[in-house]
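Heads up: the structure comes next, in structure tokens.
Values reported hereafter were calculated over all heavy atoms of this structure, with side chains retained and with hydrogens, waters and symmetry mates removed. If you're wondering where the values come from, they're calculated on a predicted model, not measured in any experiment.
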Amino acid sequence: MKHILLSAPVLCLAFLAILFLQSGLDKVFNYKGNKEWLTNHFAKSPLKSTVGLLMPVITLLETAAGVFSAFGIIFYLMDGSTQMGLIGAQLSSLSILALFFGQRVAQNYAGAATLTTYFIISIMTVYLLWS
């Protein structure tokens with residue numbers, strides 16, 4: 001017997017909601033500390049002068065990905081609707097691509113490699129929810 005709470009779409013959306021709500025809200029509530037870390041991280045890269053501009057963008061993108069993923073679970077469980085979760089998975093994929101780009105430009109290849117697992121999960125979620 002299938003149980004909807006343990007279905008692949010719900011579990012994948014839960015993963016993305018946890019990942020991006022935590023990451024986005026950490027940037028909101030510890031903005032100064034995150035900005036300092038990112039400024040140091042990108043100090044020797046072509047992105048060094050863009051941290052102040054890109055930090056709010058990635059914060060908004062991650063937080064939106066987490067919120068849409070969380071609400072996607074609710075809508076999926078209530079009426080089987082996948083649109084909200086699909087938006088969350090798509091925003092998650094865009095967030096990971098942005099982070100991956102930053103890691104590659106900063107020549108943090110190990111950090112970029114760790115993002116591939118998250119990307120696979122987000123793309124798999126897009127595939128599962130695409131109707």
What's the spacing between Thr125 OG1 and Gln90 CD if we round to 0.5 Å?
11.0 Å
For Phe71 and Phe75, take the angle between the two ring planes, folded into 0 to 90°, and tell me which bin it lands in: parallel under 30, tilted 30 to 60, perpendicular over 60.
tilted
Taking a hydrophobic cluster as the set of Ile, Leu, Val, Met, Phe, Trp and Tyr residues connected by side-chain heavy atoms closer than 4.5 Å, whether directly or through intermediates, do Met124 and Trp130 fall within one such cluster?
no
Closest heavy-atom pair and its distance - Pro9, Leu128:
N-CD1, 4.2 Å
Going only through I, L, V, M, F, W and Y residues with side-chain contacts under 4.5 Å, is there a path from Phe15 to Leu61?
yes
Looking at Asp26, is its backbone amide N or carbonyl O close enough to the side chain of Asn30 to form a donor-acceptor pair, meaning the two atoms are under 3.5 Å apart?
no
Side-chain heavy atoms under 4.5 angstrom apart, residues restricted to Ile, Leu, Val, Met, Phe, Trp, Tyr: same cluster for Leu99 and Phe42?
no
Please determine whether the number of non-hydrogen atoms from other residues, nucleotides or ligands lying under 6.0 Å from atom CD of Gln22 exceeds 12.
yes
Quick check on the hydrophobic clustering: are Leu21 and Leu11 connected, directly or via other members, by side-chain heavy-atom contacts under 4.5 Å?
no
What I'd like to find out is whether the side chain of Trp37 reaches to under 4.5 Å of the side chain of Lys32, using heavy atoms alone.
no
Give the intermediate values and the outcome of side-chain contact (heavy atoms from CB on, under 4.5 Å) for residues Tyr109 and Gln107.
CA-CA 6 Å; Tyr109 302 116; Gln107 296 182 341; 3.4 Å; yes
Heavy atoms only: give me the nearest Leu16-Ala89 pair and the separation to one decimal.
CD1-CA, 4.0 Å
Taking Ser23 for its side chain and Leu19 for its backbone only, find out whether a donor-acceptor pair lies under 3.5 Å.
no
Provide the closest heavy-atom pair for Pro56 versus Leu53 in the form atom of the first, atom of the second, distance.
CD-O, 3.3 Å
Okay, side chain of Ser45, backbone of Ala106: is any donor-acceptor separation there less than 3.5 Å?
no
Quick one: does Phe68's side chain get under 4.5 Å of Phe20's, heavy atoms only?
no
Write down the atom of Asn108, the atom of His41, and the distance for their closest heavy-atom approach.
ND2-CE1, 3.3 Å
Considering all heavy atoms of both residues, which atom of Leu38 and which atom of Met55 are nearest to each other, and what is their separation?
CD1-SD, 3.3 Å
Would you check if there is a donor-acceptor pair between the side chains of Ser93 and Ser122 at a distance under 3.5 Å?
yes
Rounded to the nearest 0.5 Å, what separation is found between the OG1 atom of Thr114 and the CD atom of Gln103?
7.0 Å
Between Tyr118 and Ser95, does a side-chain contact (heavy atoms from CB on, under 4.5 Å) hold up when you go through it step by step?
CA-CA 10 Å; Tyr118 296 148; Ser95 297; over 6 Å; no
Within a reach of under 6.0 Å around OH of Tyr31, are more than 12 heavy atoms found that belong to other residues, nucleotides or ligands?
yes
Give a yes or no on whether the backbone of Leu60 and the side-chain of Thr63 come within a donor-acceptor separation of less than 3.5 Å.
no
Minimal heavy-atom distance between Leu13 and Gly72, with the atoms involved, is CD1-C, 3.9 Å
Determine whether Ile121 and Val126 fall in the same hydrophobic cluster, where Ile, Leu, Val, Met, Phe, Trp and Tyr are linked whenever their side-chain heavy atoms lie under 4.5 Å apart.
no
Would you give the length of the straight line joining atom CG of Leu97 to atom CG of Leu115, rounded to the nearest 0.5 angstrom?
9.5 Å
